[in-house]
Amino acid sequence: MSDYLITEVKPHYVVLDGLRGVAALMVLVFHVYDVCSANIIPHGYLAVDLFFVLSGFVIGYAYDDRWSRGLSVKTFFRRRLVRLHPMVLVGAAIGGAVFLIQGHSMWNGTVVPLFYSFVAILCTMLMLPTLPGMPTEVRGFGEYFPLNGPFWSLFYEYIGNVLYALLLRRLSVRLLALLSVLSGGCVLYASLRCGYLGVGWSAADGGWWFGFVRMLFPYTVGMLMARKFRSLKVHGAFWICGALILAAGLMPVFGGEERPWLNGLYDFLCCVFLFPTIVWLGASDVGSGRFTLGLSRRLGELSYPLYAIHYPLMCFLFGALGFDGNLLSPDIVLTQWPLALTMVLTSIVLAWLLLKFYDEPVRRRLSK
């Protein structure tokens, strides 16, 4: 979920901002059904893989040529922290507040001591992951960040930034391509073994490794694209690519219980072919009208705050729906649609308010 830092002579890929926003909204709706036995956007989790391709492309595009002009590792890390961490602090605080309001208990009803609850909040603020069995695993699902589950991808985003500054930027195109192929093979193995690519949010059962390669593969693909990018001059790329993103998420689960590897293969093909194509087309957009560009800017501005704060509000929704650790029928969301819609709209409005009155002012101040 990177920002699009540019120099004066580089164009700003506004359409990519908008596509990132489309993907963030898809994640929001996907998480409404996160505790249900079925989801209206079965492959909504693939938006994370698109985020990683975008991150690799944008980081490479924004920074590759700056190292030879004096950019230091320290300055790079400071810029990334200024961009990402203010919303991490707020997302952790909201996650902790919701957890305390709900009685600081796991989903199965086990009460968590207040001491460990506050330690979990602090760990989330510092992006220190929780491992299964640790007392800070306060929700009982083995998540890296139980107070704000989607932070697992931000954790790997941080790792990707560190790898880029210390190693990846130094690799030749050939070596970077080799690393991409090797990590892609690991992603293929993970997707076929698990039957899907919705892995990496927990360290259990090798999830730490799956999460790492799930980040590394699309991240390096994005970097390669940034080094070799040539515009295709596509008209209407925002609408074309937005439709492709939604179509990818709405596709049904393939293979069933007998052949789950088919679904894993679909996820892998999206990661290796569809998402790089979407990013390339989005960066090639020409001739978009004022409405499309304005919509793309607004969606792009909203995307990161929305991603950072929506899940604690979804946890509030889960508690109101009676979730106790056992999957719910998806019909319950339909019957309780006013509550679900309220949480969705609250997430969007709160993300926008935080963007304008917290995130942007804080980043401006820190940048000085």
Side-chain angles (χ1 to χ4, degrees), residues 1-7 10 16 20 48-89 123-131 144-145 150-187 190 199-201 203 206-229 271 275-276 279 304 307-308 363 366-367:
M1 305 284 290
S2 305
D3 60 316
Y4 298 141
L5 297 172
I6 59 175
T7 65
K10 289 185 177 181
L16 293 185
R20 184 180 61 178
V48 172
D49 303 277
L50 175 59
F51 290 147
F52 285 140
V53 179
L54 279 166
S55 293
F57 181 82
V58 170
I59 288 293
Y61 171 75
Y63 288 104
D64 272 357
D65 60 352
R66 293 188 178 188
W67 301 99
S68 61
R69 293 188 279 117
L71 178 66
S72 67
V73 172
K74 179 181 178 181
T75 299
F76 173 79
F77 286 154
R78 184 173 67 246
R79 290 182 177 183
R80 301 310 299 149
L81 283 172
V82 167
R83 176 62 184 100
L84 296 175
H85 216 74
M87 284 308 306
V88 168
L89 298 178
C123 288
T124 307
M125 288 182 170
L126 296 176
M127 290 300 285
L128 298 175
T130 290
L131 303 180
Y144 274 132
F145 298 96
F151 273 17
W152 75 267
S153 63
L154 289 177
F155 172 69
Y156 282 111
E157 173 92 3
Y158 274 51
I159 293 177
N161 287 178
V162 172
L163 287 176
Y164 169 77
L166 299 183
L167 174 64
L168 298 179
R169 67 180 176 88
R170 304 176 187 273
L171 299 181
S172 65
V173 170
R174 182 172 298 180
L175 286 177
L176 190 61
L178 177 61
L179 180 60
S180 183
V181 170
L182 293 176
S183 58
C186 295
V187 170
V199 294
W201 50 269
W208 64 272
W209 172 249
F210 293 150
F212 177 72
V213 295
R214 188 183 176 190
M215 175 278 296
L216 186 62
F217 173 52
Y219 197 82
T220 52
V221 168
M223 287 183 59
L224 285 168
M225 291 170 59
R227 294 188 185 186
K228 294 295 183 179
F229 178 72
C271 192
F275 296 153
V279 172
Y304 180 51
Y307 191 81
R363 285 192 283 122
L366 291 176
S367 295

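Keep in mind the model is a prediction, meaning the values are calculated, not measured. Just so you know, these numbers use all the heavy atoms, side chains as well, and skip hydrogens, waters and symmetry mates.
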Subject >> Residues, nucleotides or ligands: over 12 heavy atoms within 6.0 Å of Trp209 CH2 >> reply: no
Test item: [X] and [Y] side chains (from C-beta on) under 4.5 Å apart, heavy atoms:
X      : Y      : result
Leu81  : Tyr158 : yes
Arg169 : Val73  : yes
Leu366 : Arg78  : no
Leu154 : Met87  : no
Leu179 : Leu168 : yes
Phe57  : Met223 : no
Tyr219 : Ile59  : yes
Glu157 : Met215 : no

Separation of [Y] [atom2] from [X] [atom1] (nearest 0.5 Å):
X      : Y      : atom1 : atom2 : answer
Thr220 : Leu163 : OG1   : CG    : 10.5 Å
Leu54  : Asp49  : CG    : CG    : 11.5 Å
Tyr304 : Arg20  : OH    : CZ    : 10.0 Å
His85  : Met125 : NE2   : CE    : 9.0 Å
Ser367 : Arg79  : OG    : CZ    : 9.0 Å
Thr75  : Arg66  : OG1   : CZ    : 10.5 Å

Subject >> Output field: ring centroids Tyr307/Phe51 closer than 6.0 Å >> reply: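 Yes, they do, as the ring centres are separated by less than 6.0 Å.
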**OP:** For residues Phe52 and Phe217, establish whether the separation of their ring centroids is below 6.0 Å.
**Re:** no
Would you call the rings of [X] and [Y] parallel, tilted or perpendicular, taking 30° and 60° as the class edges?
X      : Y      : answer
Phe76  : Tyr63  : perpendicular
Phe155 : Tyr144 : tilted
Trp152 : Tyr156 : perpendicular

Which atom of [X] lies closest to which atom of [Y], heavy atoms considered:
X      : Y      : answer
Ile159 : Phe212 : CG2-CE1, 4.1 Å
Ser183 : Val213 : O-CB, 4.3 Å
Cys271 : Pro276 : O-CD, 3.3 Å
Arg363 : Pro86  : CG-CG, 4.3 Å

**OP:** May I have the step-by-step check of side-chain contact (heavy atoms from CB on, under 4.5 Å) for Phe145 and Thr130, ending in yes or no?
**Re:** CA-CA 6 Å; Phe145 298 96; Thr130 290; over 6 Å; no
Subject >> salt bridge (charged side-chain N to carboxylate O under 4.0 Å, His left out) involving Arg227 - partner list, sequence neighbours excluded >> reply: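 Once residues adjacent in sequence are excluded, the partners of Arg227 under the salt bridge (charged side-chain N to carboxylate O under 4.0 Å, His left out) criterion are Asp64.
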